Amino acid sequence: MAESTIRFEDGAVYEEMMGRWSRPVGDQFLDWLAPDLGLAWVDVGCGNGAFTRRIVANCAPARVDAIDPSPAQIQHAQVHAAAPGVAYRQGDAMALPFADGTYDVATMALVLFFVPQPARGVAEMVRVVRPGGTVAAYMWDMYNGGFPWEPLVAELRALGHMPPRPPSVEASRPEVMAALWADAGLDDIEVRGIEVTRTFESFDAWWKIALTSPSTAAVIQQFDANTLAELRSRVRDRLPTDVAGRVTPRARANAIKGQLPG
């Protein structure tokens with residue numbers, strides 16, 4: 001994980017920065033999966049429970065086991081995303097603490113590119129899914145400007161500052177995702193893009209939340225006042241406001257699904 005120092009520890013901050021982006025993507029993703037009701041799910045890398053809540057709201061699962069490596073995120077999820085049949089616990093995506101063939105559906109929402117060995121993460125999802133079950137994931141389209149905070153990241157790069165990236169950012173490419181699923185022995189593999197928007201009441205509202213991103217905060221904290229002002233001006237030019245002063249940026253995710261034979 002030498003390429004990345006990105007950590008998500010504060011569930012409330014994550015909700016504003018990423019959870020509100022993830023929910024509309026998650027809803028489209030679940031509509032696309034079109035799972036039966038009453039299934040057993042494992043949500044790998046559940047964070048603060050933002051996507052876990054979408055599973056409960058949209059899919060009426062029999063149960064959901066949700067894991068994340070961050071104790072703080074798990075604690076936040078247990079308080080703010082609790083639901084009947086949902087169990088949150090700390091765990092590693094590359095060594096899931098579950099028996100073989102336990103679940104009907106295994107998912108990762110905005111996680112796989114944070115897994116140091118993506119193939120191992122996919123293999124673990126396959127291992128814990130029953131024959132005929134579904135293994136699915138979605139990730140921000142990092143190579144085509146799909147990251148929700150890309151306007152800030154792009155201007156940092158233009159100023160000669162490279163924020164840390166997820167350790168397995170290549171896994172966000174559709175062709176790499178498809179190869180991972182095929183190599184794991186999955187069938188009926190499909191890949192699609194999902195686009196969403198989010199409206200902020202002003203550029204200032206967008207900027208305030210953007211500065212909380214762990215992928216950029218450490219870089220920006222080193223700026224002097226003039227450099228920060230230049231960065232802010234350049235980013236603002238990328239996000240034109242409407243007549244009411246609102247900004248409505250777009251984001252794009254790449255999604256994949258496949259079935260375990262049998």
Side-chain angles (χ1 to χ4, degrees), residues 1-10 13-26 45 47-48 50 70 73 108-116 118 137-177 193-241 246-255:
M1 299 179 64
E3 188 180 359
S4 176
T5 57
I6 301 170
R7 296 289 186 274
F8 298 104
E9 297 294 347
D10 189 317
V13 170
Y14 181 87
E15 174 63 19
E16 283 297 322
M17 185 205 50
M18 197 61 70
R20 292 181 184 271
W21 280 106
S22 179
R23 284 200 296 275
V25 179
N48 72 348
S70 167
Q73 290 276 54
M108 279 190 183
L110 307 177
V111 171
L112 190 58
F113 45 23
F114 287 112
V115 178
Y138 64 87
M139 290 169 279
W140 297 122
D141 189 351
M142 302 296 287
Y143 286 94
N144 292 297
F147 183 55
W149 306 104
E150 177 63 19
L152 174 58
V153 174
E155 290 302 334
L156 283 170
R157 289 195 300 262
L159 290 172
H161 302 276
M162 181 59 72
R165 299 192 302 174
S168 304
V169 68
E170 283 288 327
S172 66
R173 294 185 184 274
E175 64 272 21
V176 175
M177 297 166 71
I194 299 173
E195 292 191 359
V196 295
T197 61
R198 179 179 172 187
T199 297
F200 297 78
E201 64 181 11
S202 65
F203 173 78
D204 288 344
W206 183 95
W207 179 253
K208 180 180 179 181
I209 298 172
L211 293 183
T212 67
S213 171
S215 66
T216 57
V219 177
I220 294 172
Q221 286 170 2
Q222 301 175 32
F223 288 179
D224 58 32
N226 290 335
T227 305
L228 182 59
E230 180 184 2
L231 174 65
R232 177 186 169 89
S233 177
R234 294 174 65 127
V235 174
R236 186 163 195 161
D237 288 342
R238 280 179 170 261
L239 291 168
T241 60
R246 297 168 301 198
V247 296
T248 304
R250 293 181 176 274
R252 177 182 170 86
N254 293 322

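This one's a predicted model, so the numbers in the text were calculated from it and none came from an experiment.
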Looking only at heavy atoms, what is the nearest atom pair of [X] and [Y], with distance?
| X | Y | result |
| --- | --- | --- |
| Glu230 | Leu159 | OE2-CD2, 3.5 Å |
| Leu239 | Pro249 | CD2-CB, 3.9 Å |
| Val153 | Pro163 | CG1-CG, 4.3 Å |
| Ser202 | Val247 | O-CG2, 3.9 Å |
| Asp237 | Pro240 | O-CD, 4.3 Å |
| Trp21 | Ala251 | CZ3-CB, 3.6 Å |

- Item | Atom pair CE/CZ of Met142 and Arg173 - distance to nearest 0.5 Å | 11.0 Å
- Inter-residue atom distance Phe113.CZ - Arg165.CZ, 0.5 Å rounding: 11.5 Å
Would you say that [X] contacts [Y] through its side chain, given a criterion of any heavy-atom pair below 4.5 Å between the two side chains?
| X | Y | answer |
| --- | --- | --- |
| Tyr138 | Ser22 | yes |
| Leu152 | Ile220 | yes |
| Val115 | Met108 | yes |
| Thr241 | Trp206 | no |
| Tyr143 | Ser172 | yes |
| Met139 | Asn254 | no |

- Task: Check step by step if side chain to side chain contact (heavy atoms under 4.5 Å, CB included) holds for Phe203 and Val235.
- Result: CA-CA 9 Å; Phe203 173 78; Val235 174; 4.0 Å; yes
- Task: Output every pair passing salt bridge (Lys or Arg N to Asp or Glu O under 4.0 Å) with a member in residues 195-221, not counting sequence neighbours, ordered by first then second residue.
- Result: Glu16-Arg198, Glu195-Arg252, Asp204-Arg232
- Message: Going by the rule salt bridge (charged side-chain N to carboxylate O under 4.0 Å, His left out), which residues pair with Glu155 if we only count those two or more places apart in sequence or in a different chain?
- Response: Arg234, Arg238
- Task: Sorted by first residue and then second, give each side chain to side chain donor-acceptor pair (under 3.5 Å) pair with at least one member in residues 216-225; sequence neighbours left out.
- Result: Asp224-Thr227
Within the distance-only criterion (no hydrogens, no angle test), does the side chain of [X] pair as donor or acceptor with the backbone N or O of [Y] below 3.5 angstrom?
| X | Y | result |
| --- | --- | --- |
| Thr212 | Ile209 | yes |
| Ser168 | Ala171 | no |
| Asn144 | Gly146 | no |

- Where does the angle between the aromatic ring planes of His161 and Phe223 fall among parallel (under 30°), tilted (30 to 60°) and perpendicular (over 60°)? tilted
